[in-house]
Protein chains: 2
Amino acid sequence: MAYTYKYPRPALTVDCIIFGLDKKDLKVLLIRRGIEPYIKKWALPGGFVNMDEGLEAAALRKLEDETGVKDVFIEQLFTFGSVDRDPRGRIVSIAYFALVNLNEHPVHASADADDAAWFGIDELPELAFDHKEIMETAIKRLRGKVVYQPIGFELLPSKFTLTQLQQLYEIVLGVEINKRNFRTKILKMDILEQLERQENVPHRPAYLYQFNEKKYNEFLDKGFLFEIGGIIKKDSK
Amino acid sequence: MAYTYKYPRPALTVDCIIFGLDKKDLKVLLIRRGIEPYIKKWALPGGFVNMDEGLEAAALRKLEDETGVKDVFIEQLFTFGSVDRDPRGRIVSIAYFALVNLNEHPVHASADADDAAWFGIDELPELAFDHKEIMETAIKRLRGKVVYQPIGFELLPSKFTLTQLQQLYEIVLGVEINKRNFRTKILKMDILEQLERQENVPHRPAYLYQFNEKKYNEFLDKGFLFEIGGIIKKDSK
DNA sequence: ACAAAAGTGTTGTTCCTACACCCATGA
DNA sequence: TCATGGGTGTAGGAACAACACTTTTGT
């Protein structure tokens, strides 16, 4: 069966950048391509959009098909459409990015992918197509976004300690943050809910917190701005 | 002539949201459609992407073809791809938004458009397709962006007074700002260059300023954050 | 008792906010 | 001399930045 149109049409794909937080590193999920072009190269999970599905649905479908990751927060990043970005012809790709708690999302390669694995953001292999450029755009967006929107919580378990939250910012932004000031500021925002304490840790147990999205949305309506930019040490470059 | 593919493909279009600043209002440029569907309805300028042109190039081409506006700062906004957003079939559209100084960009309808005109953001006519949704996304993005990135300058002439700049923020954000505090803050950023004074105004002539992009980029590299959010009156809702 | 991480007190400084006032120009 | 915006001084309070210290747990 074939499909005929009066004018030529680019093909349409989606690609996913999945960020995950490991103890000390920001990581990203890649697949090893099982088909040409760029066979055996590492690439972003993604593929062609079906005619009867929305763009975000396509991204979620390909993500699950190729890596087994599902039920994640995803957000449109950017659409890449350079004329020569794909050797197969004119292919326009809509990139999505997601943040997941790495430990809660088991990964297993399948379908078109030979393999799927997490890579540290500073230890990326050579990537297929223009995926390096897409990745750079995603990292920049993540860094820009994390300071004025509380999206970082997606990278942590639903219950987390303030130290974990602080480390998240330190890892994502690559800076050091003063413990005292971080705590004062984040707690004064009043968007975290204090829960029980940790158990069985070989030191004073920390309180666990969870993000109170309802409260955050109420603040949003009042024009409140999430902002942790100021906390960064002045001498970090 | 016809084009045949093994799998079906959505058609690909671009749409442009052009914001312009009039004395007291934020306006947007619309065209009146000369062809079906939605003939005679107001819509965003836009159209199909050619196979041999980039996405941004397509947006700029359609913008000039349909409205005569050229040489503008444009930026990708979002890609809209609901299955049923266009009655002609599956059409995915990449939306771009631009900021222009309304007075420096003459508008004249042509090609597929019956007419082109500026509309106040609060006096929009009924729009074709899902263009209302696109417009809302664009306004939200503009408001969000203007407070932490110095893009607002694009809406003004290259030389402007501080009062004009302040009014820009007041209009875009729909808030009142204290004159004294606005000036202190914006000048302390040290990204404006003071020029000569105004002439022939029936009051004390103001100094003209221009945005120093080079200096701004230097600050960016050092991790400096543009931020005018704090200036907004606390009691504005 | 010690290691390790949690959590708090405090101080000097900078920045924010709100208000009031003076200045320069054309009509 | 008046109307109209342009431009500045300042004081009280809030927020920030930096540092040192105390607390609580398991071993």
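A, B, ... follow the sequence lines: proteins, then strands. Residue 1 opens every chain. Every heavy atom of this structure was used, including side-chain atoms; hydrogens, water molecules and symmetry mates were not. Nothing here was measured: the structure is a model prediction, and the numbers come from that model.
Across D:dC16, C:dG9, D:dG6, the shortest atom-to-atom separation from the side chain of A:K188 is found for D:dC16. Closest to the side chain of B:K179, out of C:dG7, C:dT8, D:dG7, is D:dG7.
Between B:K185 and the phosphate of C:dC15, there is no side-chain N or O to OP1/OP2 separation shorter than 4.0 Å.
Side-chain contact between A:Y96 and A:D15: absent, with no pair of heavy atoms (C-beta onward) separated by less than 4.5 Å. Residues B:K41 and B:R32 form no side-chain contact, since every pair of their non-hydrogen atoms from C-beta on lies 4.5 Å or further apart.
Between the CG atom of A:L162 and the P atom of D:dT24 there is a distance of 17 Å, given to the nearest Å. The CG atom of A:N178 sits 14 Å away from the C1' atom of D:dC21 (whole-angstrom rounding). To the nearest angstrom, P of D:dA18 lies 16 Å from CZ of A:F182. As rounded to whole Å, 14 Å separates atom C1' of D:dT8 from atom CD of B:Q194. For the pair A:Q198 CD and C:dA4 C1', the computed distance is 12 Å after rounding to whole Å. The CG-P distance, from A:N181 to D:dA15, rounds to 14 Å in whole Å. Protein atom CZ of A:R183 is 8 Å distant from nucleotide atom P of C:dT8, rounded to whole Å. Here the P atom of nucleotide C:dC19 and the CD atom of B:E176 are 12 Å apart, to the nearest Å.
Centroid-to-centroid, the aromatic rings of B:F160 and B:F211 stay 6.0 Å apart or farther.
Donor-acceptor pairing under 3.5 Å is lacking for the side chains of B:T161 and B:R197.
Side-chain to base pairing of B:R180 with D:dG9: one donor and one acceptor N or O lie within less than 3.5 Å of each other.
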N/O-N/O pairs, protein side and nucleotides 22-25 of chain C side, under 3.5 Å:
unit_1	atom_1	unit_2	atom_2	d
C:dC23	O4'	B:R204	NH1	3.3
C:dC23	O2	B:R204	NH1	3.2
C:dA24	N3	B:R204	N	3.2

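Across A:E66 and A:A116, no two heavy atoms sit closer than the pair O-CB, 4.3 Å.
When the shell of 6.0 Å around CD of A:E196 is examined, it contains more than 12 heavy atoms from other residues, nucleotides or ligands.
At a threshold of 4.0 angstrom between heavy atoms, the contacts of A:T163 are confined to the sugar-phosphate backbone, with no base atom among them.
The pair A:K140-A:E136 does not count as a salt bridge, with every side-chain nitrogen at least 4.0 angstrom from each carboxylate oxygen.
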